[in-house]
Amino acid sequence: VEMVSWDDLQKFIKKPNEKEGTDKYRLPTEAEWEYACRAGTSTAFPSSKITELDCKLDPNLDPIGWYCYNSGNIIHPVAQKKPNAWGLYDMIGNVQEWCQDQFGPYPWGEVTDPKGPAAGPYRVMRGGAWDSPARDCRCASRFGSPPHYRFRHIGFRLFRTP
């Protein structure tokens with residue numbers, strides 16, 4: 001799914017939660033998203049380091065993500081590239097993914113499971129997209145956008161807590 005706003009997603013997520021009488025469905029926090037993307041690694045991509053910053057071939061990104069070098073300027077069906085070590089497909093490239101958090105500056109220094117700001121005009125998007133250069137597809141790349149914003153490079157990943 002693409003062309004979906006953060007506001008649209010809040011309405012979408014509300015339905016299964018109401019149907020099941022729970023609150024277990026949601027968007028991941030920014031920290032949860034990055035943890036899932038990295039799959040136990042500390043490199044730029046879940047598979048390895050970055051070798052190219054722009055729209056040229058990055059041999060470490062090419063097998064796992066659609067980006068401006070290999071996408072042909074279109075979105076691709078899910079699971080056409082290799083998954084990360086935890087079996088998650090399309091964590092980087094193809095579409096950026098909304099996160100639950102407000103967008104703001106990261107805390108200074110190393111933190112565990114940081115929380116975004118309590119308020120602000122933007123929501124977090126992660127993952128890079130089919131039209132992104134390799135540098136924007138890194139696990140750590142992050143972007144902010146108004147919650148009503150829809151575009152063909154924005155999608156989501158639903159999170160379910162136990």
Side-chain angles (χ1 to χ4, degrees), residues 1-9 27-117 120-159:
V1 174
E2 80 277 351
M3 294 284 299
V4 62
S5 74
W6 187 92
D7 291 337
D8 292 338
L9 289 172
L27 293 175
T29 67
E30 185 174 11
E32 290 167 336
W33 189 97
E34 186 170 335
Y35 182 79
C37 181
R38 289 189 180 282
T41 68
S42 60
T43 52
F45 304 133
S47 59
S48 192
K49 64 182 182 174
I50 189 169
T51 62
E52 173 60 44
L53 297 179
D54 296 312
C55 288
K56 295 178 184 162
L57 171 66
D58 187 304
N60 297 324
L61 175 56
D62 195 65
I64 61 169
W66 297 108
Y67 64 115
C68 60
Y69 172 78
N70 66 5
S71 71
N73 280 338
I74 60 171
I75 295 169
H76 293 268
V78 175
Q80 301 300 302
K81 295 285 188 172
K82 292 180 182 177
N84 70 12
W86 293 350
L88 299 172
Y89 289 91
D90 299 305
M91 290 297 297
I92 54 177
N94 218 17
V95 295
Q96 291 178 324
E97 298 179 6
W98 287 111
C99 292
Q100 189 62 35
D101 297 349
Q102 299 276 355
F103 184 80
Y106 268 167
W108 192 258
E110 191 171 316
V111 295
T112 300
D113 198 18
K115 304 294 180 209
Y122 299 111
R123 292 291 179 165
V124 173
M125 296 183 304
R126 300 293 296 258
W130 54 267
D131 61 346
S132 298
R135 72 176 163 269
D136 291 345
C137 293
R138 296 172 299 114
C139 295
S141 290
R142 55 196 300 267
F143 306 90
S145 190
H148 66 274
Y149 186 66
R150 291 184 187 96
F151 199 70
R152 60 188 185 129
H153 69 265
I154 302 174
F156 71 102
R157 184 174 303 261
L158 195 58
F159 194 88

Looking at I74 and W130, what are the two nearest heavy atoms and their distance? O-CB, 3.5 Å
Could you check whether any side-chain N or O of R142 sits under 3.5 Å from a backbone N or O of V124, counting only pairs where one atom can act as donor and the other as acceptor? no
Examine distances only and state if a side-chain atom of R38 and a backbone atom of T43 form a donor-acceptor pair shorter than 3.5 Å. yes
H76 and S71: which non-hydrogen atoms are nearest, and at how many Å? NE2-O, 2.8 Å
Restricting to non-hydrogen atoms, name the atom on P77 and the atom on N94 that form the minimum distance, rounded to 0.1 Å. O-ND2, 4.4 Å
Tell me which pairs pass ring pair (Phe, Tyr, Trp, His ring centres under 6.0 Å) where either residue lies in residues 30-57, with sequence neighbours left out. Y35-W86
Would you indicate whether the side-chain heavy atoms of P83 and L88 approach each other to under 4.5 Å? no
Residue pairs passing the salt bridge (charged side-chain N to carboxylate O under 4.0 Å, His left out) test with at least one member in residues 82-111, sequence neighbours excluded, are E97-R157
Pair up each side-chain donor or acceptor in residues 60-69 with any protein partner under 3.5 Å, not counting sequence neighbours, and list the distances.
unit_1: N60; atom_1: ND2; unit_2: K49; atom_2: O; d: 2.8
unit_1: D62; atom_1: OD1; unit_2: N70; atom_2: ND2; d: 2.9
unit_1: Y67; atom_1: OH; unit_2: K56; atom_2: O; d: 3.4
unit_1: Y67; atom_1: OH; unit_2: D58; atom_2: N; d: 2.8

For C37, does its backbone N or O pair with a side-chain atom of N84 as donor and acceptor, under 3.5 Å? yes
Gap between atom CG of L9 and atom CZ of F156 - 0.5 Å precision: 5.0 Å
For the student: nearest non-hydrogen atoms of V95 and I154, plus distance: CB-C, 4.3 Å
In a check of side-chain contact (heavy atoms from CB on, under 4.5 Å) between R123 and each of F103, Y149, W6, which one passes? W6
My understanding is that only residues two or more places apart in sequence, or in another chain, count here; which of them pass side chain to side chain donor-acceptor pair (under 3.5 Å) with H153? Q96
Report the distance from atom CG of L53 to atom SG of C137, rounding to the nearest 0.5 Å. 11.5 Å
When rounded to the nearest 0.5 Å, the distance separating SG of C139 from CZ of R126 is 8.5 Å
Shortest non-hydrogen separation from C55 to P133 and the atoms involved: SG-CA, 4.1 Å
Reported OG-to-CE distance for the pair S145 and M125, which is rounded to 0.5 angstrom: 4.5 Å
Does Y122 have any ring-ring contact (aromatic ring centres under 6.0 Å, His included) partners at least two apart in sequence or in another chain, and if so, which? none
For the OG atom of S132 and the CZ atom of F143, what is their distance to the nearest 0.5 Å? 5.5 Å
Pairwise side-chain contact, R138 with I92, heavy-atom cut-off 4.5 Å (strictly under): no
Examine distances only and state if a side-chain atom of E34 and a backbone atom of A31 form a donor-acceptor pair shorter than 3.5 Å. no
With sequence neighbours excluded, what pairs up with D54 under the side chain to side chain donor-acceptor pair (under 3.5 Å) test? R135
Of the non-hydrogen atoms in A134 and E52, which two are nearest, and what is the gap between them? CB-O, 3.0 Å
Charged N-O contact under 4.0 Å between D113 and K115: yes
